[in-house]
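Heads up, the thing below is written out as structure tokens.
All residue numbers in this chain count up from 1 along the given sequence.
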Amino acid sequence: NVSYSANSEMIQNEFVKSRIKEEVEKINKNLAHYETLKRFELIPHEWSINSGELTPKLSLKRKAILAIYKSLVDKIYSTDVH
């Protein structure tokens with residue numbers, strides 16, 4: 001029940017971020033420590049073939065994803081706590 005006019009607005013909403021963090025924490029409980037998600041970032045669109053993140057077989061294009069989201073990957077793996 002979060003009102004938003006664009007996905008970019010929704011992913012900035014603190015309630016949305018908090019709710020997703022809760023779900024990640026639930027999943028992490030069933031994983032080994034080295035498998036758990038420590039940090040995450042939200043993006044305003046779904047990955048697709050047209051946007052370059054998926055192959056026609058819907059496999060991830062890892063190199064393309066890393067290039068497209070370099071700033072977010074750097075932010076996730078930075079030593080600064082955010």
Between [atom1] of [X] and [atom2] of [Y], what distance do you get to the nearest 0.5 Å?
X: H33; Y: E35; atom1: NE2; atom2: CD; result: 11.0 Å
X: T36; Y: N28; atom1: OG1; atom2: CG; result: 4.5 Å
X: S5; Y: M10; atom1: OG; atom2: CE; result: 11.0 Å

Is the shortest side-chain heavy-atom distance between V24 and F40 below 4.5 Å?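 In short, these two side chains touch, coming nearer than 4.5 Å.
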Side chain to side chain, R39 and K75, heavy atoms closer than 4.5 Å: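 Result no, sub-4.5 Å side-chain heavy-atom pair not found.
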Going by atom type alone, with no hydrogens or angles, which donor-acceptor pairs under 3.5 Å involve a side-chain atom of residues 57-72 and a protein atom two or more places apart or on another chain?
residue : atom : partner : partner atom : Å
Y69     : OH   : H45     : NE2          : 3.1
Y69     : OH   : E53     : OE2          : 2.6
K70     : NZ   : D74     : OD2          : 2.8

Residues clustering with L31 (ILVMFWY side chains joined when closer than 4.5 Å, directly or via others): I27
Is E25 salt-bridged to K29, cutoff N-O under 4.0 Å? no
Where do Y4 and A6 come nearest, in terms of heavy atoms and distance?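 It is CD1-O, 3.3 Å.
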CD (E23) with more than 12 external heavy atoms under 6.0 Å: yes
Salt bridge (charged side-chain N to carboxylate O under 4.0 Å, His left out) between K26 and E22: does it pass, once the steps are laid out? CA-CA 6 Å; K26 280 186 201 176; E22 285 176 25; 6.0 Å; no
